[in-house]
Protein chains: 2
Amino acid sequence: MDAKLDKIEMEMGARPYSQTLARLREAGLRPTRQRLALSRLLFEGGDQHVTAERLHEQAQGAGVSVSLATVYNTLHQFTDAKLLREVVVDSSRTYFDTNVSDHHHFFHEEEGRLMDIDGAKIEVSGLPDAPAGTGVSRVDIVIRVRASD
Amino acid sequence: MDAKLDKIEMEMGARPYSQTLARLREAGLRPTRQRLALSRLLFEGGDQHVTAERLHEQAQGAGVSVSLATVYNTLHQFTDAKLLREVVVDSSRTYFDTNVSDHHHFFHEEEGRLMDIDGAKIEVSGLPDAPAGTGVSRVDIVIRVRASD
DNA sequence: ATAGTTGCAAAAGTTTTGCATTGTA
DNA sequence: TACAATGCAAAACTTTTGCAACTAT
């Protein structure tokens, strides 16, 4: 079974994958070929904001054969496992963020690009209490920007 | 042509529609039967957050025959005309808000319900400048809440 | 007439699901 | 062998578009 993982490593290229592997193991997700490939694309390239379609393209480009459905399923599994965070900024596309720490976003409406804003730097005052019987699960701030010419 | 509008009024019920009519006129939208009906459903019921599907159901319930596509088109026309504001909180559904003043939202994730928060009451500090070459078009704050039992 | 609008059927996207296949103990 | 997890084709959504029918001048 480690022989099998070595085989997967061979197929994926020479770079170390131990961190990627550990990440999946910790999340209780089997290190399948598809998950390893998507993990590496996601987590070895620094903070990223990807759509399912974009990640699917990246995978194809890297010579990994995965269906778009599997990309969706995998993104949701990673999100459930707290490896990713879903960012809701555009009603037509869902973005997934590899940065899962407390932060907010700039969203360039024309280009569809996201940029992180460190959560520690922002202070919000005057927020009313959550409605009776509910608790706050998260506060999301999105600063929508457009080209200014 | 006013006779025609009278006819539409008759069909829609006895309540006055002059405000609804004026609203459409000002926005440069012809007061068609469908638009009048949707306008009344939207703007005569106080602040509301509707999805296309919900508004479509309301229209059917009120005996007005409109296709879902027309509901979508109308919601977007109203949004372009600043009669409505699109609220992006859920990647699977688009909400439209009849409150177009400066404000933010509570979003009940489990029930899919939105509640307005007066924008004047909230103060955000520490926001970084918009990226070079861009200007802020809007700052959206969404407080996601869930049942706390 | 005719130039411009409107409303909807059909098309296009995006996302989810059902289940054959694969992997594990 | 049995049992569970995986990955994808097909289905189900939501949303947009193209164009026939309608409106106003």
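On a predicted model such as this, the values are computed, not experimentally measured, just so you know.
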Rounding to an integer number of Å, can you tell me how far His76(A) NE2 sits from dT15(C) P? 8 Å
Can the ring centroids of Phe96(A) and His76(A) be said to lie less than 6.0 angstrom from one another? yes
Leu75(A) CG to dT15(C) C1', in whole Å, measures 12 Å
Donor-acceptor pair, side chain of Ser91(A) and main chain of Val88(B), under 3.5 angstrom: no
Test item: side-chain donor near acceptor, His49(A) and Asn99(A), under 3.5 Å: no
Taking atom CZ of Arg146(B) as the centre, report whether more than 12 heavy atoms of other residues, nucleotides or ligands fall under 6.0 Å from it. yes
What integer distance in Å separates His56(A):NE2 from dG13(C):C1'? 15 Å
Interface with DNA chain D, restricted to residues 84-96 of chain B and to heavy atoms under 4.0 Å: Ser92(B), Arg93(B), Thr94(B)
Let me know the distance between OH of Tyr72(B) and P of dG13(C), rounded to the nearest Å. 16 Å
Atom CG of Asp80(A) and atom P of dT16(C) are separated, to the nearest Å, by 11 Å
Find the distance Leu36(A):CG to dT6(D):P and express it as a whole number of Å. 12 Å
Side chain to side chain contact (heavy atoms under 4.5 Å, CB included) with Ile143(B): which of Val139(A), Val124(A), Thr134(A)? Val139(A)
Got a donor-acceptor contact below 3.5 angstrom from the Tyr95(B) side chain to the Asp90(B) backbone? no
Classify the angle between the aromatic ring planes of His105(B) and His103(B) as parallel (below 30°), tilted (30 to 60°) or perpendicular (above 60°). perpendicular
Between Gln34(B) and Thr74(B), is any side-chain donor less than 3.5 angstrom from a side-chain acceptor? no
Summarise protein proximity over nucleotides 1-12 of chain C in one line of letters, 5' to 3': B for base, S for sugar-phosphate only, - for none, counting protein heavy atoms closer than 4.0 Å. ----SSSBB---
